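Remember, it's 1-based here, ligands and their atoms both numbered in the order they're listed. Keep in mind the model is a prediction, meaning the values are calculated, not measured.
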Amino acid sequence: MSTIAAFYGGKSILITGATGFLGKVLMEKLFRTSPDLKVIYILVRPKAGQTLQQRVFQILDSKLFEKVKEVCPNVHEKIRAIYADLNQNDFAISKEDMQELLSCTNIIFHCAATVRFDDTLRHAVQLNVTATRQLLLMASQMPKLEAFIHISTAYSNCNLKHIDEVIYPCPVEPKKIIDSLEWLDDAIIDEITPKLIRDWPNIYTYTKALGEMVVQQESRNLNIAIIRPSIVGATWQEPFPGWVDNINGPNGIIIATGKGFLRAIKATPMAVADVIPVDTVVNLMLAVGWYTAVHRPKSTLVYHITSGNMNPCNWHKMGVQVLATFEKIPFERPFRRPNANFTSNSFTSQYWNAVSHRAPAIIYDCYLRLTGRKPRMTKLMNRLLRTVSMLEYFINRSWEWSTYNTEMLMSELSPEDQRG
Ligand SMILES: CCCCCCCCCCCCCCCCCCCCCCCCCCCC(=O)SCCNC(=O)CCNC(=O)[C@H](O)C(C)(C)COP(=O)(O)OP(=O)(O)OC[C@H]1O[C@@H](n2cnc3c(N)ncnc32)[C@H](O)[C@@H]1OP(=O)(O)O
Ligand SMILES: NC(=O)C1=CN([C@@H]2O[C@H](COP(=O)(O)OP(=O)(O)OC[C@H]3O[C@@H](n4cnc5c(N)ncnc54)[C@H](OP(=O)(O)O)[C@@H]3O)[C@@H](O)[C@H]2O)C=CC1
């Protein structure tokens, strides 16, 4: 068993965001490689009419956990779902559950966040800033806590071209933002948001930067590390290649291309497509948890997990690969044959949106109406084009992220752990 896997043996681990994309893969890796861990506490809320237990069973019964059931047959006994809603200031966690978390937790992985680019400032601050602050307060009351690992994003300072593994100050103190949101009404918040977020492209990246400042300001004597993944894509190797369960980031665009909905996207083809497999990110998370707990660095270290400087790819290469894949393995019943290209300027982008996206959608909806069916294509296409417009900022720029801390950590690992 590897040093890192052995470290998590017997540990009580708290994961927020465990029902999300990153959280599920983290849980799977922990159960598969450290089946003798004591317990994984997950903060869960009921969703889409499912109870906590139903959500946990659905996750454990998914293909992702097939290998876990072989190596950790009693996985159901080792996972403790705790009702929590991070929208509530005290997370609405019961006294008994809170007492158990405070007295038993050894490691915290804080993955929960809203990753929507178009969330309201109030909701994004609640989740990405206030909830982080609340969790840090909880952590400061955990006598057995060995490490607190905060998941941010490599784009939290995307208003800079070169980004170091440091926490950058935000123009306005997080506490001032939190206090103001308590009494400002939504109309005023909407009005001041553009001035507040300044040159950040959206509320998501801005509130992730605020969350990092909160970690720095409220770390007290906690042993903390921050991890900044770039664009997290499907699994590369573990537990099997190609697993993804959401339409965020590139996933939705790739699906829309394969279904023939998307025919053109405004992108800089040679810009770096900094996509990192989710299992690679999870391997680093576990390594950072081990290193932070065992080596106890004097300050909060920031680790970038990006692919651009280790194994660079660009959007052109990725696009060609995506189209070649759909040539070989097409979706069933596509709207049109997959055939897409990048546009270089707004005018040609608007032209292709009209000619190749909106017009065919309207024509198809007329056909649906004529055949007595409910029109849906125009709404779907507008939603897709809105999503694409939000992603354009990231596919028309490149960034340089320093990776000194990540490389330092890799050098501390045994050959077995370096393989992940
Ligand atoms: C020789 C010629 C060669 C030519 C070259 C080849 C050219 C080929 C070009 C085409 C090929 C292109 C392939 C590569 C290009 C990829 C480009 C993409 C780049 C991506 C960059 C991402 C950068 C991200 C940076 C930061 C990363 C992070 O840190 S966090 C993670 C990123 N966060 C996100 O991605 C969130 C973005 N999404 C949103 O903000 C919102 O979803 C939205 C606002 C964009 C859309 O919101 P909307 O309200 O419209 O939709 P929503 O309600 O969210 O959902 C609609 C329905 O879909 C369901 N849904 C939503 N989310 C999910 C989910 N995660 N999983 C599953 N289902 C989901 C949802 O339930 C809705 O369904 P209904 O409720 O039934 O309507
Ligand atoms: N995906 C990516 O490309 C990248 C992600 N990241 C970061 O990684 C982390 C995880 O991202 P990812 O897994 O993609 O995101 P997901 O949207 O898949 O997961 C978000 C998680 O947060 C939970 N959550 C959201 N709101 C609440 C709430 N009110 N109460 C309790 N739990 C809540 C969700 O629970 P529920 O299932 O109930 O909604 C879910 O478990 C985030 O911090 C994100 O910023 C960083 C870089 C890139």
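Judged by the shortest distance from any of its heavy atoms, L127 lies inside the 4.0 Å radius around the atoms of ligand 2. Judged by the shortest distance from any of its heavy atoms, Y204 lies inside the 4.0 Å radius around the atoms of ligand 2. Using 4.0 Å as the threshold, S230 has a heavy atom nearer than that to some atom of ligand 2. In this structure, N246 has no heavy atom closer than 4.0 Å to ligand 2. Taking a 4.0 Å cut-off on heavy atoms, D85 registers as neighbouring ligand 2. Distances shorter than 4.0 angstrom do not occur between any heavy atom of Q126 and any atom of ligand 2. Judged by the shortest distance from any of its heavy atoms, G249 lies outside the 4.0 Å radius around the atoms of ligand 2.
Side-chain N/O atoms of N309 and T403 include a donor and acceptor closer than 3.5 Å.
Here is the list of ligand 2 atoms found below 4.0 Å of a heavy atom in L86: 28 (C), 29 (N), 30 (N), 31 (C). Residue N87 approaches ligand 2 through these ligand atoms, each under 4.0 Å from one of its heavy atoms: 29 (N). Near F21, meaning under 4.0 Å from one of its heavy atoms, ligand 2 places the atoms 13 (O), 14 (O), 18 (O). Ligand-side atoms of ligand 2 in range of I151: 7 (C), 8 (O), 43 (O), range being under 4.0 angstrom from any heavy atom. Counting the atoms of ligand 2 from 1 in the order shown, those under 4.0 Å from a heavy atom of C111 are 9 (C), 10 (C), 42 (C), 43 (O). Residue G20 approaches ligand 2 through these ligand atoms, each under 4.0 Å from one of its heavy atoms: 13 (O), 18 (O), 19 (O), 40 (C), 41 (O). Close approach to R55 involves these atoms of ligand 2, each under 4.0 Å from a residue heavy atom: 36 (P), 37 (O), 38 (O).
Judged by a 6.0 Å distance limit and a 45° cone about the ring axis, K11 is positioned over the six-membered ring of F7. Both tests do not hold together for K78 against F31: distance to the six-membered ring centre under 6.0 Å, angle to the ring axis within 45°.
Residue-environment remark: CH2 (W243) exceeds the threshold of 12 foreign heavy atoms within 6.0 Å. Few gaps surround CZ on F240; more than 12 heavy atoms of other groups in view lie less than 6.0 Å from it.
With a 4.0 Å cut-off on non-hydrogen atoms, S152 touches ligand 2 through its backbone and not its side chain. Heavy atoms of A154 found under 4.0 angstrom from ligand 2: none, in either backbone or side chain. In R228, neither the side chain nor the backbone holds a heavy atom less than 4.0 Å from any atom of ligand 2.
Between F394 and F117, a ring centre-to-centre spacing shorter than 6.0 Å is recorded. Aromatic ring centres of Y155 and W401: separated by under 6.0 Å.
Ring planes of F331 and F326: tilted class, angle from 30 to 60°. Between Y206 and W200, the ring planes are perpendicular. Angles over 60° get that label, and only those under 30° would be called parallel.
Across the listed options K24, Q50, R45, R45 owns the non-hydrogen atom lying nearest to atom 38 (O) of ligand 2. When G233, G17, A113, A112 are checked for heavy-atom proximity to atom 25 (C) of ligand 2, A113 turns out nearest. Between atom 17 (O) of ligand 2 and the options T114, I42, V115, V44, the minimum heavy-atom separation is to V115.
Between R228 and N157, the closest side-chain pair of non-hydrogen atoms falls below 4.5 Å.
Close N/O approach between T153 and ligand 2 is not found [any backbone or side-chain N/O within under 3.5 Å].
Between R220 and E218 a salt bridge is recorded (basic side-chain N to carboxylate O distance below 4.0 Å).
Contact record, H110 with T16: ND1-OG1, 2.7 Å, taken as the closest heavy-atom pair.
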- Check the pair K29 / D279 against salt bridge (charged side-chain N to carboxylate O under 4.0 Å, His left out), numbers first and verdict last. CA-CA 8 Å; K29 174 88 181 199; D279 47 329; over 6 Å; no
